[in-house]
J.: 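I'd like to ask you about the structure that follows.
All chains are named by letter (A, B, ...) in the order of the sequence lines, taking the proteins before the strands, and each is independently numbered beginning at 1.
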Amino acid sequence: MAFISSGYNPSKPMENRITDIGPRDFNEFLPPVIKKNKGKWVYHEIIEPGMLMHKAESGDEVYTVRFGGCRLMSITHLREICDIADKYAGGHLRFTTRNNVEIMVDSLDKAKKLKADLMGRKFPGGSHRFPVGGTGAGITNIVHTQGWIHCHTPATDASGTVKVTMDEVFDEFVNMRLPAPVRISMACCLNMCGAVHCSDIAILGIHRKPPMIDHEYIDNMCEIPLAVAACPTAAVRPSKIEIGDKKLNTVAVKEDRCMFCGNCYTMCPSMPLADKEGDGIAILVGGKLSNRMTKPKFSKVVCAFIPNEPPRWPTLAKTIRHIVDAYAAGAKKYERMGDWAERIGWERFFEVTGLEFTEHLIDDFRDPAYYTWRQDTQFRF
Amino acid sequence: MAKHKTPMLDKLESGPWPSFVSDIKQEAAARAKNEKGIDYQIPADCPDDLLGVLELSYEEGETHWKHGGIVGVFGYGGGVIGRYCDQPEKFPGVAHFHTMRINQPSGKYYTTKYLRELCAIWELRGSGLTNMHGSTGDIVFLGTTTPQLEEVFYELTHNLNTDLGGSGSNLRTPACCLGQSRCEFACYDTQTACTTLTKDYQDELHRPAFPYKFKFKFDGCPNGCVASIARSDFSVIGTWRDKIRIDHKAVAAYVGGELAPNAGAYAGRDWGKFDIQKEVVDRCPSDCMSWDGKKLTINDKECVRCMHCLNVMPRALRIGNDRGASILCGAKAPILDGAQMASLLIPFIKVQEPFDELKELIEGIWDWWMEEGKNRERLGELMKRQGFQRLLEATGVKADARMVSEPRTNPYIFWKAEDVPGGWERDINEFRKRHLR
């Protein structure tokens with residue numbers, strides 16, 4: 001390999017340097033029909049799963065075909081998407097906030113041909129390259145984090161758990177037959193760079209063993225006061241240890257105070273938590289973001305732990321199946337999962353989903369916990 | 001021929017959903033073949049080694065990535081996340097495998113020309129693997145070596161007029177929904193607001209000077225497609241304060257069955273004939289609608305703009321004309337003190353270029369947070385610790401009953417000396433003249 005310079009001169013980093021220019025102006029990328037009718041759209045229709053039509057005041061119509069993508073995407077895959085967008089849509093496309101891709105065309109006929117083309121493309125292993133769907137009262141694509149493929153703090157994998165979940169609920173991606181949209185999100189540790197805390201179903205990686213301490217290295221690797229300050233429950237305190245004839249600065253962990261958040265490890269690499277048996281998945285349900293009918297709300301933990309079972313996480317997939325099936329059977333039209341659970345009562349939610357209610361599911365973290373305990377006698381038998 | 005055996009990952013190639021394993025394998029194969037004769041600037045077999053190290057994690061149930069070191073481009077404190085493999089000898093292709101965050105165009109519209117240009121840079125100088133997109137919204141370039149960081153940055157800025165996104169304790173890359181570009185519900189131009197504020201706050205985005213991360217997100221309406229209410233320190237949610245526009249003929253067409261309710265979003269199940277009383281009027285959270293069998297009436301003064309009726313009958317009901325946004329502050333995920341939803345600060349504000357009113361609010365908040373915020377304390381946590389009243393002081397906003405779901409139940413009011421006639425200075429001896437010891 002010969003080094004190919006971009007033009008950058010390392011000995012003069014400021015020479016011709018361009019900084020602080022921000023993103024490319026989106027106006028350069030809008031398809032002509034979008035640019036022309038911006039701010040003047042009148043209504044939309046979902047013609048069939050994965051296909052939308054938007055109508056403008058001008059009478060213009062734009063047909064959008066939506067398909068799911070893995071958020072982890074190769075440039076070979078991206079170039080194939082570009083080829084399709086060149087062929088059907090004059091070289092324009094967009095991505096949604098949930099890792100879907102949208103290609104916009106000017107007629108229903110083109111949209112149908114595009115959908116058929118996309119659905120016909122498969123990887124050698126049999127999976128779809130570009131499954132069309134993700135609209136309306138169904139399950140759209142999962143937003144997620146990195147997991148074992150590229151992160152230092154995960155308690156599970158992200159791409160793998162997402163793949164098995166979407167395989168399990170694929171019929172709901174290509175249909176619109178649920179009582180309301182079901183948004184599934186995945187974060188591979190409590191840091192939640194994917195912010196899954198307001199999802200209909202959240203898949204969350206969790207640790208269950210307190211950090212180990214790399215006593216011989218910690219004082220060189222970490223700022224001990226920062227590691228101490230990082231602990232939200234004050235379980236980490238400064239300490240000293242004798243190893244051989246050396247007296248070393250380190251930390252001590254009061255293990256019964258640990259809530260396994262991993263914040264200490266985020267601040268200090270000498271305090272790892274990851275563990276094959278300790279790590280796994282919690283499931284939260286019933287959160288929502290929209291203000292539609294009811295207020296936005298947080299998801300609640302309904303399954304404290306599912307072990308990591310790579311590569312196909314069968315218990316995770318089965319649990320999500322049970323939740324979705326019970327919801328589909330029991331909820332009224334327009335009722336989001338959290339609204340349904342609140343209407344039938346959480347005691348009934350556990351009954352109809354078959355999930356076991358354990359003491360882990362009773363909040364005991366600080367003041368807000370108290371407000372989640374039942375303070376009335378209006379429960380169901 | 002694959003470099004590493006991956007029997008566990010191979011089981012993720014079946015099933016209908018797109019397989020990321022198949023995709024990484026096709027990238028590995030393309031680089032091995034190298035039809036275009038590219039002089040790859042990082043190990044050509046890095047996708048193979050990425051699969052190898054992932055397979056090892058699948059076997060062992062633990063990650064093999066270390067904390068990021070301090071790497072980046074000159075003069076910036078964010079945009080690059082250092083990443084090193086803890087098994088570099090087994091997987092040399094990914095021994096140094098840093099992430100670059102590239103600021104996405106607002107609304108995530110692309111031309112294939114631009115996407116192909118991004119791909120070409122990343123083919124030559126990186127792994128050929130991306131995230132489209134990361135959780136915050138950036139284009140993520142997944143995996144390159146330290147010497148390539150400046151080269152990628154130089155090409156992005158010089159050839160693609162594109163900058164890096166944020167990471168660390170700074171303004172994170174702002175994000176928005178697609179807004180007015182293709183949505184009839186958008187109450188302001190989310191894309192222009194997002195791009196303008198991103199460009200205006202480049203220093204805050206690239207050079208960490210904050211206690212912790214700070215996020216702007218722009219939702220065009222209360223449906224909240226970009227999750228600003230749950231995910232941003234400064235959440236701008238489109239709304240209106242006049243009347244929902246009603247097309248009574250279209251209402252009749254929905255009732256008569258000529259128009260499909262919900263724009264067809266529930267078409268996959270037979271829910272029975274559309275019932276405007278049951279599905280719209282009775283579901284209104286503020287009970288502000290009525291239907292007399294012929295005419296739909298909305299008492300707009302009582303409307304809370306939840307969007308349900310507009311979502312059900314988009315051809316009959318449209319957002320009002322006096323549009324703007326509500327501003328909510330302080331949302332975050334659970335780390336550390338539990339999740340927080342954003343709290344309403346401004347019920348209504350016009351959102352128009354050059355967005356000076358928004359910027360005034362933002363800068364007031366930043367001044368307070370930079371002064372008072374502790375290391376790694378998000379705005380929402382500072383609001384909790386010091387009280388909502390301090391946010392009002394910082395932004396010069398007057399208290400409004402809309403800011404609470406209910407008034408306080410405890411009477412422990414932190415009165416200030418200036419609130420009370422005569423202040424707090426008193427003479428105990430004068431007091432004792434009236435009240436004997």
J.: Which answer fits L12(B), side chain, backbone, both or neither, if we ask what part of it has an atom under 4.5 Å from a heavy atom of chain A?
T.: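 Both parts, backbone and side chain.
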J.: Under 3.5 Å, is there a donor-acceptor pair between the side chain of E48(A) and the main chain of I46(A)?
T.: no
J.: In terms of heavy-atom proximity below 4.5 Å to chain B, should F170(A) be classed as side chain, backbone, both, or neither?
T.: side chain
J.: Using non-hydrogen atoms and a 4.5 Å limit, figure out which bit of R182(B) sits close to chain A: side chain, backbone, both or neither.
T.: both
J.: Quick check on P10(A) against chain B: is it the side chain, the backbone, both or neither that has a heavy atom closer than 4.5 Å?
T.: neither
J.: Is it the backbone or the side chain of T173(B) that comes under 4.5 Å from a heavy atom of chain A, or both, or neither?
T.: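 Neither part, no heavy atoms under 4.5 Å.
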J.: With a 4.5 angstrom heavy-atom cut-off, is it the side chain or the backbone of L54(B) that approaches chain A, or both, or neither?
T.: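 Side chain of L54(B) only, per the 4.5 Å heavy-atom cut-off to chain A.
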J.: Would you say the side-chain atoms of S106(B) and Q191(B) include a donor-acceptor pair closer than 3.5 Å?
T.: no
J.: Tell me if a side-chain donor or acceptor on K163(A) pairs with a main-chain N or O of W17(B) at a distance below 3.5 Å.
T.: yes
J.: Evaluate W122(B) against I139(B) for side-chain contact (heavy atoms from CB on, under 4.5 Å), listing each step before the verdict.
T.: CA-CA 12 Å; W122(B) 201 234; I139(B) 302 160; over 6 Å; no
J.: Return each pair, listed once, that meets salt bridge (charged side-chain N to carboxylate O under 4.0 Å, His left out) where at least one residue sits in residues 118-132 of chain B; pairs must be two or more places apart or across chains.
T.: R79(A)-E123(B), K36(B)-E123(B), R125(B)-E155(B)
J.: Using modelled atom types only, decide if a donor and an acceptor are shared between the side chain of Q148(B) and the backbone of G126(B) within a distance under 3.5 Å.
T.: no
J.: Check whether any side-chain N or O of N99(A) sits under 3.5 Å from a backbone N or O of I142(A) as a donor-acceptor pair, and report yes or no.
T.: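 Indeed, once roles are kept as given, a pair shorter than 3.5 Å links the two residues.
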J.: Any chance you could lay out the side-chain contact (heavy atoms from CB on, under 4.5 Å) test for V226(B) and C176(B), step after step, and finish with the verdict?
T.: CA-CA 6 Å; V226(B) 79; C176(B) 63; 5.5 Å; no
J.: Who wins among K40(A), R98(A), E277(A), E102(A) for the most heavy-atom pairs under 4.5 Å with chain B?
T.: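 Greatest number of close heavy-atom pairs with chain B: E102(A).
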J.: For chain A, which of N159(B), V152(B), T198(B), T111(B) has the most heavy-atom pairs under 4.5 Å?
T.: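 Ranked by heavy-atom pairs under 4.5 Å with chain A, first place is T111(B).
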J.: Which region of Y84(B), side chain (C-beta onward) or backbone (N, CA, C, O), has a non-hydrogen atom less than 4.5 Å from a non-hydrogen atom of chain A, or is it both or neither?
T.: neither
J.: Within the 4.5 Å heavy-atom criterion, are H92(A) and Y109(B) side-chain neighbours or not?
T.: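 They are not in side-chain contact.
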J.: For a quick check under 3.5 Å, do T19(A) and H206(B) share a side-chain donor-acceptor pair by atom type?
T.: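 No, H206(B) and T19(A) have no side-chain donor paired with an acceptor closer than 3.5 Å.
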J.: Any chance the side chains of Q146(A) and R83(B) put a donor and an acceptor closer than 3.5 Å?
T.: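 No.
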J.: Looking only at heavy atoms and a cut-off of under 4.5 Å, which of N161(B), L259(B), I229(B), N223(B) has the most pairs with chain A?
T.: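 Among the listed options, the one with the most contacts to chain A is N161(B).
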J.: Among N308(A), V143(A), L78(A), which residue forms the greatest number of heavy-atom pairs with chain B at distances under 4.5 Å?
T.: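 Option with the top pair count is L78(A).
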J.: Relative to chain A, which segment of R376(B) carries a heavy atom at a distance below 4.5 Å: side chain, backbone, both, or neither?
T.: side chain
J.: Quick check for you: among K122(A), M104(A), E28(A), which has the greatest number of heavy-atom pairs under 4.5 Å with chain B?
T.: M104(A)
J.: Between P47(B), G179(B), S14(B), G224(B), which shows the greatest number of heavy-atom pairs under 4.5 Å with chain A?
T.: S14(B)
J.: If I measure from the heavy atoms of chain B, does F123(A) come under 4.5 Å with its side chain, its backbone, both, or neither?
T.: side chain
J.: Looking at D10(B) and K25(B), is any side-chain nitrogen of the basic one under 4.0 Å from a carboxylate oxygen of the acidic one?
T.: yes
J.: Which bit of I81(A) comes within less than 4.5 Å of chain B, counting heavy atoms only: side chain, backbone, both or neither?
T.: neither
J.: Relative to chain B, which segment of A180(A) carries a heavy atom at a distance below 4.5 Å: side chain, backbone, both, or neither?
T.: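 For A180(A), the contact with chain B is made by backbone and side chain together.
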J.: What part of C198(A) gets within 4.5 angstrom of chain B, counting heavy atoms only: side chain, backbone, both, or neither?
T.: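 The side chain, not the backbone.
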J.: For each of N131(B), T157(B), N103(B), tally heavy-atom pairs with chain A at distances under 4.5 Å, and name the one with the top tally.
T.: N131(B)
J.: Non-hydrogen atoms of chain B under 4.5 Å away: do they reach the side chain of T156(A), the backbone, both or neither?
T.: neither
J.: Which atoms of M53(A) are under 4.5 Å from chain B, going by heavy atoms: the side chain, the backbone, both sets, or neither?
T.: neither
J.: Using heavy-atom distances under 4.5 Å, tell me whether V62(A) contacts chain B through its side chain, its backbone, both, or neither.
T.: side chain
J.: Quick one about Y154(B) and N16(A) (side-chain donor to acceptor, distance below 3.5 Å, no hydrogens or angles considered), yes or no?
T.: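 On atom types as modelled, these side chains do not qualify, holding no pair under 3.5 Å.
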J.: Between A30(B) and chain A, which part of the residue has a heavy atom less than 4.5 Å away: side chain, backbone, both or neither?
T.: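 Only the side chain of A30(B) comes within 4.5 Å of chain A.
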J.: Between M307(B), R283(B), K199(B), who has the most heavy-atom pairs with chain A when the cutoff is under 4.5 Å?
T.: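 Ranked by heavy-atom pairs under 4.5 Å with chain A, first place is R283(B).
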J.: Tell me, out of K66(B), K278(B), H133(B), E60(B), who's got the most heavy-atom pairs with chain A below 4.5 Å.
T.: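 The answer is H133(B).
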J.: At a heavy-atom separation under 4.5 Å, does C194(B) approach chain A through its side chain, its backbone, both, or neither?
T.: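 Neither part.
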J.: Which of the residues G138(A), G69(A), C70(A) is involved in the greatest number of heavy-atom pairs with chain B at under 4.5 angstrom?
T.: C70(A)
J.: I want to know whether F153(B) and Y8(A) have ring centres closer than 6.0 Å.
T.: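 So the answer is no for these two rings.
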J.: Please state whether the side chain, the backbone, both or neither of S185(A) comes within less than 4.5 Å of a heavy atom of chain B.
T.: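 Neither part.
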J.: For a side-chain contact (heavy atoms from CB on, under 4.5 Å) check, start with the C-alpha distance between T64(A) and R94(A), then their side-chain angles and the critical distance, and finish with the verdict.
T.: CA-CA 10 Å; T64(A) 300; R94(A) 70 174 293 270; over 6 Å; no
J.: One thing to verify: whether K332(B) and D337(B) come together as a salt bridge, which I'm taking to mean a side-chain N less than 4.0 angstrom from a carboxylate O.
T.: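 Between K332(B) and D337(B) there is no salt bridge, as every charged N stays at least 4.0 Å from the carboxylate O atoms.
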J.: Could you tell me which portion of F365(A) (side chain, backbone, both or neither) has an atom closer than 4.5 angstrom to a non-hydrogen atom of chain B?
T.: side chain
J.: I'd like to check the disulfide (SG to SG under 2.5 Å) partners of C268(A); sequence neighbours left out, ordered by chain and number.
T.: C222(A)
J.: Could you check whether E279(B) pairs with K333(A) (Lys NZ or Arg NE/NH1/NH2 to Asp/Glu carboxylate O, under 4.0 Å)?
T.: yes
J.: Taking every heavy-atom pair that is under 4.5 Å apart, which of D279(A), D25(A), L178(A) has the most such pairs with chain B?
T.: L178(A)
J.: Is it the backbone or the side chain of F173(A) that comes under 4.5 Å from a heavy atom of chain B, or both, or neither?
T.: side chain
J.: If I measure from the heavy atoms of chain A, does Y201(B) come under 4.5 Å with its side chain, its backbone, both, or neither?
T.: neither
J.: S19(B) and S127(A): side-chain donor and acceptor closer than 3.5 Å?
T.: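 Side chains of S19(B) and S127(A): no pair found under 3.5 Å.
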J.: Side chain, backbone, both or neither: which part of S127(B) has an atom under 4.5 Å from a heavy atom of chain A?
T.: neither
J.: Among the options P13(A), S159(A), C188(A), G126(A), pick out the one with the most heavy-atom pairs lying under 4.5 Å from chain B.
T.: S159(A)
J.: Please classify the contact between I24(B) and chain A as side chain, backbone, both or neither, with a heavy-atom cut-off of under 4.5 Å.
T.: side chain
J.: For H54(A), which atoms come within 4.5 Å of any heavy atom of chain B: side chain, backbone, both, or neither?
T.: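 For H54(A), side-chain heavy atoms alone lie under 4.5 Å from chain B.
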J.: Cationic tip of R17(A) within the cone over F74(B)'s six-membered ring, i.e. under 6.0 Å and within 45° of the normal?
T.: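 Not flagged: R17(A) not positioned over aromatic ring of F74(B).
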J.: Under 4.5 Å heavy-atom distance to chain B, tell me which part of H150(A) shows up: side chain, backbone, both or neither.
T.: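 Both the backbone and the side chain of H150(A) come within 4.5 Å of chain B.
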